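Accompanying notes for the structure given below.
Everything numeric here is computed off the predicted structure, so don't read it as measured data.
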Amino acid sequence: MSFAPRRIGMFSLLLGAVLLLMLAGLLAASSALRAGDTEHLTLDASTSARLVETRLSALSDALQTLAPGMTRDSTHNRRALSALTAAMVARHPELDRVLVALPSGQVVLDTVIHEIAGTLVLPVEPGVAASALLPLLDRRHVVLRVPLTFDSVSEGTALAVFTSDAMLSPVAEGAPQGRRFIGILAGADTIARIGAADQPAKIDWFGTQLRVPGGTHWTLEVAHARRIRELRLALWLLALLALVFLFSGLLWERRQAIRVAERSAELERLSAELLRANRMKSEFLANVSHELRTPLNAIVGFVELLRDGVYGELSPRQASPVDRIAGSATHLRHLVDQVLDIAKMAAGRLEVHPEQVVLRAFVLNVASELESLVAERGLALSIAVGTTLPRVRTDPAHLRQILVNLLANAVKYTPEGGITVRARLVDGTSAGSPIGCPDLSRPWVAVQVSDTGLGIALADHERIFDEFEQVNAGPRGDSSQRGTGLGLPISRRLTRLLGGEITLESEPGRGSTFTIWLPVDRADVQVAKERVSPASATKAVVE
Ligand code: ADP
């Protein structure tokens, strides 16, 4: 369907932007946390490696002190070296055994310091090759081989035997939080370790080279538990939630937009249907009214002929019903005329043919038509329309109908007193009261019909301009008094068609003043001002 919305709404755009920012923030936070973890791990590995290296080189230095005391005399050696070894052991309590061999491989010293249960105690005889001893050591021991040199001359080899625990003891104390494993690898063998490196999915590994005195290299490996794993998981969960939220927001907005589009399409359809129905009703009314007028005109015409005695004198008994037929037929024709006007206006079939109207002559002419009616009611009619008024460009037929309506109402609703018709110019410079003026920024001619009649309560001021609304309906029996409730609505519609407005000032018992506001051109105002001599400029003519 054509009304389906294709563009993303403001709400989704905003939400999307916020969520994208949030996602970017989450990504940055997550990678920062990850980087922090890695740094923590590498720092632990390098610090630990340096500590082990320091301990090994201290031990190596201690073993080197044996070199100057060595001679080829094994008895001397054993005695001299035993003393030195005792001093060394005091400084290195981790040592379990010390062996010294001559360059030939002959063991000249074997000092067992600690005998650990289950640990092999080597039966060392002078002359046994050191290399033959090593396979006999169990796996929990580490052997550090240190070449003994003195004045750059090789004096033999020292072998320091100690347990793996002892080698890692400096890094065991004060281990950083989260460390799961630390170990030393010689080739593919783990020669020392603390902790168990289980659940590899939850830990990070890092290996670093360890320099061992004597020229070999070991590897120190550290494993840390991923401490921020839960936090990152929570962050990603949050991101997922945000995406779900965005998606459902988009869906909601789209559904909402479709609903609004459907509703407005439905409203458009209804309004088009209503307009069509209204136009048809107006056309129907216009047609029916038009068709009614022909027979009604015939009735009114023939009744008039009857009353005029064209078909013979009417007897006193016949005269009264014929008068009533005449009154009712005239009222009906008036009603049909008004309905026809309303229907034409609603169907937009009423046209405006503007002409230059000289107001004073125009008002006098209309008033003369109603003169007999005014006199019949014993009312006074005064007209105060100046000759200096500018010409009004309007449709005279419509203006006549409005004025006749207002004057007829004034006669109808004024039991005694009089009626006045006034006209004046209202623009920015005029002294006249602009009460009710539709727009003070342009000039207007205000034509006023005032009476000293019944007046209208403020609450009814707007209502009487609605179709078929009546406040003081005339007596049913008197056809001249009987109203239709269409005069004012027609007058207001016609005035608006002419670009003007009708306003009302009235109070019950104090008469009414209806004002017809007609727009005038500034140029016409100027022409009128120039035409008028200063002496007669403000003179109003009163009949
Ligand atoms: P109607 O045919 O009844 O006169 P109108 O639309 O011309 O219909 O007027 C509507 C109502 O406004 C009238 O019924 C009457 O109550 C009130 N009205 C109109 N003009 C006057 C007036 N000059 N003085 C008092 N009441 C008036």
Side-chain angles (χ1 to χ4, degrees), residues 48-116 119-138 140-171 184-187 189 191-192 209-220:
S48 302
R50 296 302 77 83
L51 274 173
V52 174
E53 276 175 5
T54 312
R55 170 159 285 209
L56 288 175
S57 85
L59 191 57
S60 163
D61 288 351
L63 288 171
Q64 279 295 340
T65 57
L66 300 174
M70 285 181 66
T71 61
R72 307 290 147 203
D73 178 352
S74 56
T75 321
H76 162 80
N77 276 346
R78 211 169 291 144
R79 245 188 285 118
L81 294 178
S82 293
L84 281 167
T85 311
M88 184 167 53
V89 166
R91 273 182 283 128
H92 292 277
E94 75 271 24
L95 278 172
D96 287 339
R97 192 169 183 171
V98 178
L99 290 117
V100 178
L102 293 175
S104 61
Q106 187 192 3
V107 174
V108 290
L109 179 78
D110 179 10
T111 312
V112 176
I113 302 149
H114 298 119
E115 280 183 28
I116 302 159
T119 307
L120 187 72
V121 179
L122 295 173
V124 180
E125 291 298 329
V128 176
S131 54
L133 300 175
L134 295 176
L136 300 173
L137 290 167
D138 84 0
R140 284 200 299 134
H141 283 87
V142 179
V143 178
L144 179 70
R145 277 165 166 275
V146 179
L148 298 177
T149 50
F150 186 64
D151 286 343
S152 306
V153 178
S154 172
E155 297 293 338
T157 310
L159 293 96
V161 181
F162 49 94
T163 53
S164 51
D165 287 356
M167 188 162 58
L168 284 174
S169 61
V171 293
I184 294 173
L185 271 68
D189 288 334
I191 57 170
Q209 285 256 306
L210 199 64
R211 270 175 280 110
V212 184
T216 47
H217 283 96
W218 292 343
T219 307
L220 183 122

A160 and L63 have their tightest heavy-atom pair at CB-CD1, 3.8 Å
Heavy-atom closest pair (E155 atom, P103 atom, distance to 0.1 Å) is O-CD, 3.3 Å
Value for OG1 (T219) from CG (L210), rounded to nearest 0.5 Å, stands at 8.0 Å
Original post:
Is a side-chain N or O of S60 found less than 3.5 angstrom from the main chain of L56, in a donor-acceptor match?
Top reply: no
message: Could you check whether any side-chain N or O of Q64 sits under 3.5 Å from a backbone N or O of P147, counting only pairs where one atom can act as donor and the other as acceptor?
response: yes
Residues Q209 and H217: closest non-hydrogen pair is OE1-CD2, 3.3 Å
Q. Can you find a heavy atom in the side chain of R211 that is under 4.5 Å from one in the side chain of S57?
A. no
The reported gap from CZ in R91 to OG1 in T65 (rounded to nearest 0.5 angstrom) is 6.5 Å
Of all heavy-atom pairs linking A67 and L148, the shortest is CB-CB, 4.0 Å
pair V146-L59: side-chain heavy atoms closer than 4.5 Å
no
d(R50 CZ, L220 CG) to nearest 0.5 Å is 9.0 Å
